[in-house]
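The sequence lines fix the lettering, A, B, ..., with proteins before strands; numbering per chain opens at 1. Bear in mind the structure is a predicted one, so any value in this text is a computation, not a measurement.
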There are 2 protein chains.
Amino acid sequence: MNMLDHTFNALADPTRRAILARLAQGEATVGELAKPFAISQPAISRHLKVLEKASLISNERQGKHRRCRLRPEALDSAATWLEFHRRFWTGSLDRLDAHLKSEKKPR
Amino acid sequence: MNMLDHTFNALADPTRRAILARLAQGEATVGELAKPFAISQPAISRHLKVLEKASLISNERQGKHRRCRLRPEALDSAATWLEFHRRFWTGSLDRLDAHLKSEKKPR
DNA sequence: AAGTTATATAACATATCCGTTAAATGAATA
DNA sequence: TATTCATTTAACGGATATGTTATATAACTT
């Protein structure tokens, strides 16, 4: 698994995206993150592990709590990949489109 | 599963990203797409199904072949999500940073 | 030291993923 | 019509994902 795999995989789950959205409002402990969800706390802990492995979050022990925060740089490679391909694909299709149009004219 | 789930999930696999990269060079049949990979052709067919479900590609029967092409719009929602969060996260952290700095000054 | 709180880990069930090979389908060709 | 080619679908197996509950750990509190 490379970095993009981990990032896209982590982002493919709505619970994990919701956790990220929550963290975008500010740091939170595991318990605070788990509270709004209908699933158990261990399940959240494992989602956090996935986000951690993707470097999307980090955490730091604070007494008996563990405080989580975003690592925004982790989005960079995914955003770069997406932007590049989005432009490249569209560019290719534009050229194809132009090509097809220029083919049609002569007839 | 919503659209982002499908998109991110589809992009999380390196074989599928390679297929997309290949299609960015131009349309191709299933067989042409399968050839460079070490895995069986039915396996490729199923990757193509995943990409199709994510609306990342479409295909059209042409005689006994099936020709695949990219659907670049499918990247839009994912790119939008990523860009938004990337900026938002960074913005939040900048504000946090500024906040922490402004807290320190008075002392 | 004992109890409480926050979180992680273990053990388990179920579902999905991803690959395989074999058989089915659909269309072109002999 | 029978054969061949391109692709899909079926049936299977093993690995991974995601949830559960029960138990362990780690740090505060009494």
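- The shortest heavy-atom contact between A:T7 and A:A78 is CG2-CB, 3.8 Å.
- Shown for residues 30-38 of chain B: residues whose heavy atoms fall under 4.0 angstrom of DNA chain D, namely B:V30, B:G31.
- Regarding B:E60, its CD atom lies at a distance of 18 Å from the P atom of C:dG26, rounded to whole Å.
- Protein atom CZ of B:R66 is 11 Å distant from nucleotide atom P of C:dG26, rounded to whole Å.
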Exercise for the section: Sugar-phosphate atoms are those with a prime plus P, OP1 and OP2; base atoms are the rest. Using that split, label each nucleotide of nucleotides 25-30 of chain D B, S or - for protein heavy atoms under 4.0 Å, 5' to 3'. Expected result: --SS--
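- To the nearest 0.5 Å, atom CG of residue A:N59 and atom CZ of residue A:R71 are 10.5 Å apart.
- Residues B:L82 and B:L4 fall within the same hydrophobic cluster, defined by Ile, Leu, Val, Met, Phe, Trp and Tyr side chains chained together at heavy-atom separations under 4.5 Å.
- A chain of hydrophobic side-chain contacts below 4.5 Å, direct or via other Ile, Leu, Val, Met, Phe, Trp or Tyr residues, connects B:I57 to A:W81.
- Atom CD1 of B:I44 and atom P of C:dG19 are 8 Å apart (whole Å).
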All N/O donor-acceptor pairs, side-chain side in residues 15-22 of chain B, below 3.5 Å, sequence neighbours left out:
| from | atom 1 | to | atom 2 | distance (Å) |
| --- | --- | --- | --- | --- |
| B:R16 | NE | B:A10 | O | 2.9 |
| B:R16 | NH1 | B:H47 | ND1 | 3.2 |
| B:R16 | NH2 | B:N9 | O | 3.2 |
| B:R17 | NH1 | A:D5 | OD1 | 3.0 |
| B:R17 | NH1 | B:L11 | O | 2.7 |
| B:R17 | NH2 | A:D5 | OD1 | 2.7 |
| B:R22 | NH1 | B:G26 | O | 3.2 |

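- The NE2-C1' distance, from A:H65 to C:dA8, rounds to 15 Å in whole Å.
- Atoms CZ and CG, on A:R67 and A:L33 in that order, are 9.5 Å from each other to the nearest 0.5 Å.
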Exercise for the section: Between protein and nucleotides 13-18 of chain D, map the contacts as a letter string: B base, S sugar-phosphate only, - none, heavy atoms under 4.0 Å, written 5' to 3'. Expected result: -----B
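- With a 4.5 Å cut-off on side-chain heavy atoms, B:K53 and B:V50 do not count as touching.
- For A:E83, the salt bridge (charged side-chain N to carboxylate O under 4.0 Å, His left out) partners at least two apart in sequence or on another chain are A:R86, A:R87.
- Rounded to an integer number of Å, the gap from CZ of B:R67 to P of C:dG26 is 21 Å.
- In this structure, A:I39 atom CD1 and C:dA13 atom P are separated by 21 Å, rounded to whole Å.
- A parallel orientation is assigned to the rings of A:F88 and A:F84, their planes being inclined by less than 30° (bins at 30° and 60°).
- When the side chain to side chain donor-acceptor pair (under 3.5 Å) test is applied to B:R69, the partners found at least two apart in sequence or on another chain are B:E27, B:E60.
- Judged purely by atom type and a 3.5 angstrom limit, A:H65 has no side-chain atom pairing as donor or acceptor with the backbone of A:R61.
- In this structure, the nucleotide among D:dT7, C:dA6, D:dT20 sitting nearest to the side chain of A:S40 is D:dT20.
- OP1 or OP2 of D:dT7 sits under 4.0 Å from a side-chain N or O of B:T29.
- If you find the closest nucleotide of DNA chain C to B:Q41 and to A:K49, the one lying nearer the 5' end belongs to A:K49.
- The side chain of A:S45 contributes an N or O atom lying less than 4.0 Å from OP1 or OP2 of C:dA8.
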